[in-house]
Amino acid sequence: MILGKLLEGLEYSLTEGDIDVEISSIAYDSRKVTEGSLFVCLKGFETDGHRYIKNAVDAGAAAVIVEDVPEDETGVTVVKTEDTRGALARISAAWFDHPAEKMTMIGLTGTKGKTTTAHMIKKILEKDGRRTGMIGTLGAFVGSEKIPTKNTTPESYELHSIFDHMLSEGCSCVVMEVSSQGLKLERTAGIKFDYGAFLNISPDHVGPGEHEDFDEYLNCKKMLFDQTENVVANIDDERWRQVTGEPERLYTVSQKEDADLTARNVENIWEPGVLGVRFDVSGMFDAGIVLNMPGRYNVENALVAAAITYLIGVSPDVIAEALKEVQVKGRMQIFEDSVHDARFIIDYAHNALSMENLLTTLREYEPERLICLFGGGGNKPKQRRFDMGEMAGKYADLTVITMDNPRFEPMEEINKDIIRGLDVHDGSYRVIDDREEAIRHLIDNCREGDIVALIGKGHEEYQEVEGKKYFFSEQQILEKYLKEKLD
């Protein structure tokens, strides 16, 4: 493709060469430059692409895009723009012939719940016969195909490459988690979202390499709604208006007050095949909804998913049917031990706050015993391990301490920090370092009415020990031993 075509719509100046040069590929990592590449210089947290212009030219780059013009001539076309990240996003869209414009685009932002809500939306749309791509924390998905990604919101070139693949596979809709970092780094610049949702916001992701302060975090979230046509907002969060602004097409959801879609009569349910919540919705449509996932906060996620999909054109019956079926890998993922009428739950909670939320939620179901299994990450803050131990001691009837990515730290040192936390509340515990053995022990010894929470690994499928990652799937282990118990 000719460079000039890629630059259409961008504000730029030409400082060297000409824009009629043929481009064979786009790269923002000089190590991926080949003959004829366009090299885009990005300024990152740890490095600056401008340092690698010579490497890119030596590797065959035909042109470079910069914010800072090189002092010496490069011998190739040099294009200057004020914002190379925004330029990369728009150039990438043009390179793939703007695939996002040919699908219904749905963007979700919020401190919590993006992954679950994205899965809900995908499930509903696919139940309605609409092939749907999904991009988020767990990777990118087209049907059953998984595409690994490094970030919740991938870099713009990868993002448009994924869109292009989704389009070629017949997707008519895309639902994606739009992180504050992705917005800050302009990975979604130029994308017009047909639907955008605000879930919630709380102090998080503030610190080195993320956001300077909470105001910056909030303002980055706000960016999504500057490029969204239809906005769905959870008005139970007091900052919703600060984040969404004053959109022309606003639809609200709530569990507390009248909204465009309101949830009422929320109740926990524990019955054969279901451990979750039941509630009624009214407003846009009236229906009874059952979720097979614990936690009233999942009602918030379901309201957003239901509102968006109803606006797209899905019937209430299909929405209700899909929501009852949806499960998210590693997020309150439920497994039934029908022999003892007990429940095992896999969840990614990996700090004290998320662990407290998980355990207090499960306490509401009044289990015979609430048991948790978790470990502490090696070469991580000792205080985090202590705090998680304290939460386990406070809320669980029994804790099994086990392995969770010990990395280069001895297990006994990790366990000491957890035990100190457990001792704050005289928490009952036992130590079984081998995580598979620990899961087998709990399956063999659970009782009727127990809820057992396997905490910390979630969707991860590895154990990191001494610099190596070994395959480890908590789900596979749980399914294997529960089946053996039935047999």
Side-chain angles (χ1 to χ4, degrees), residues 106-128 130 132 134 136-138 173 175-177 195-201 230-237 240 251-271 273-334 345 347 357-358 361-362 364-365:
I106 305 160
L108 309 172
T109 200
T111 304
K112 297 174 291 185
K114 295 188 298 296
T115 299
T116 298
T117 307
H119 278 77
M120 288 176 170
I121 291 171
K122 183 174 187 285
K123 182 72 172 181
I124 295 168
L125 292 175
E126 290 185 338
K127 177 71 74 173
D128 198 50
R130 304 167 194 254
T132 302
M134 181 173 67
T137 305
L138 304 187
C173 301
V175 57
M176 60 180 292
E177 301 176 45
Y195 301 89
F198 167 69
L199 297 170
N200 51 64
I201 191 167
N230 299 281
V231 174
V232 174
N234 168 36
I235 61 174
D236 293 340
D237 189 293
W240 74 272
Y251 304 89
T252 58
V253 301
S254 175
Q255 297 183 64
K256 298 178 181 178
E257 56 187 284
D258 289 340
D260 292 307
L261 193 63
T262 305
R264 303 192 191 281
N265 307 320
V266 180
E267 60 175 339
N268 293 329
I269 53 172
W270 183 350
E271 56 192 39
V274 179
L275 180 70
V277 289
R278 178 189 290 120
F279 58 97
D280 299 320
V281 296
S282 60
M284 291 180 179
F285 63 90
D286 297 336
I289 304 291
V290 173
L291 293 178
N292 191 15
M293 50 178 64
R296 296 189 176 212
Y297 51 82
N298 279 318
V299 175
E300 171 187 308
N301 302 329
L303 282 171
V304 170
I308 289 174
T309 52
Y310 182 75
L311 290 169
I312 289 173
V314 182
S315 73
D317 288 346
V318 171
I319 291 170
E321 185 181 354
L323 285 174
K324 187 172 183 180
E325 296 174 3
V326 70
Q327 286 270 285
V328 183
K329 185 176 178 66
R331 300 294 198 279
M332 280 286 196
Q333 188 178 5
I334 301 168
I345 293 171
D347 194 83
N357 289 338
L358 170 69
T361 293
L362 296 178
E364 293 178 6
Y365 291 84

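Along the sequence shown, the residues carry numbers beginning at 1.
Of all the heavy atoms in L199 and D237, the pair that sits closest is O-CB, 4.5 Å. For E177 against G136, the heavy-atom pair with the smallest separation is OE2-CA, 3.3 Å. Counting all heavy atoms, side chain and backbone alike, P294 lies closest to I345 at CG-CD1, 4.2 Å. Between A118 and V175, the closest heavy-atom pair is O-CG1, 3.8 Å. Listed here is the closest heavy atom pair of K114 and T111: NZ-O, 4.0 Å. Annotation for I289 and L323: closest pair CG2-CD1, 3.9 Å, computed over non-hydrogen atoms.
Each of I269, V266, V290, N265 was compared with F279 under the side chain to side chain contact (heavy atoms under 4.5 Å, CB included) criterion, and only V266 meets it.
Here CG of L138 is found 5.0 Å from NE2 of H119. Values are rounded to the nearest 0.5 Å. Expressed to the nearest 0.5 Å, how far CD of Q255 lies from CG of L261 amounts to 11.0 Å. Residue I121 holds its CD1 atom at 12.5 Å from CE of M176, rounded to the nearest 0.5 Å.
For residues 252-264, the salt bridge (charged side-chain N to carboxylate O under 4.0 Å, His left out) pairs, not counting sequence neighbours, are D258-R264. Residue pairs meeting the side chain to side chain donor-acceptor pair (under 3.5 Å) criterion with at least one partner in residues 295-304, sequence neighbours excluded, are T117-N301, N200-E300, N234-E300, N298-N301. Residue pairs meeting the salt bridge (charged side-chain N to carboxylate O under 4.0 Å, His left out) criterion with at least one partner in residues 275-286, sequence neighbours excluded, are E267-R278, E271-R278.
Evaluation of the side chain to side chain donor-acceptor pair (under 3.5 Å) rule for Q327 yields no partner, not counting sequence neighbours. For T116, the side chain to side chain donor-acceptor pair (under 3.5 Å) test picks out no residue, with sequence neighbours left out. With sequence neighbours excluded, the residues forming a side chain to side chain contact (heavy atoms under 4.5 Å, CB included) with A259 are I235, T252, S254, T262, listed by chain and number. Applying the salt bridge (Lys or Arg N to Asp or Glu O under 4.0 Å) criterion to K329, with sequence neighbours excluded, gives E461. Listed by chain and residue number, Q475 satisfy the side chain to side chain donor-acceptor pair (under 3.5 Å) test with Q333 (two or more places apart in sequence, or in another chain). For Y310, the ring pair (Phe, Tyr, Trp, His ring centres under 6.0 Å) partners at least two apart in sequence or on another chain are F285. Every residue two or more places apart in sequence or in another chain that forms a side chain to side chain contact (heavy atoms under 4.5 Å, CB included) with A233 is listed here: W240, T244, L250. With sequence neighbours left out, the side chain to side chain contact (heavy atoms under 4.5 Å, CB included) criterion links E321 to K127, E325.
Counting heavy atoms from C-beta on, the side chains of I312 and I124 never come closer than 4.5 Å. Using a 4.5 Å heavy-atom cutoff, the side chains of M293 and V326 are in contact. The closest side-chain heavy-atom distance from I308 to L108 is below 4.5 Å. Two residues are said to be in side-chain contact when any heavy atoms from C-beta on lie closer than 4.5 Å; Y251 and N230 meet this criterion.
Remark: side-chain polar atoms of D347 are paired, donor with acceptor, to backbone N or O of M332 under 3.5 angstrom.
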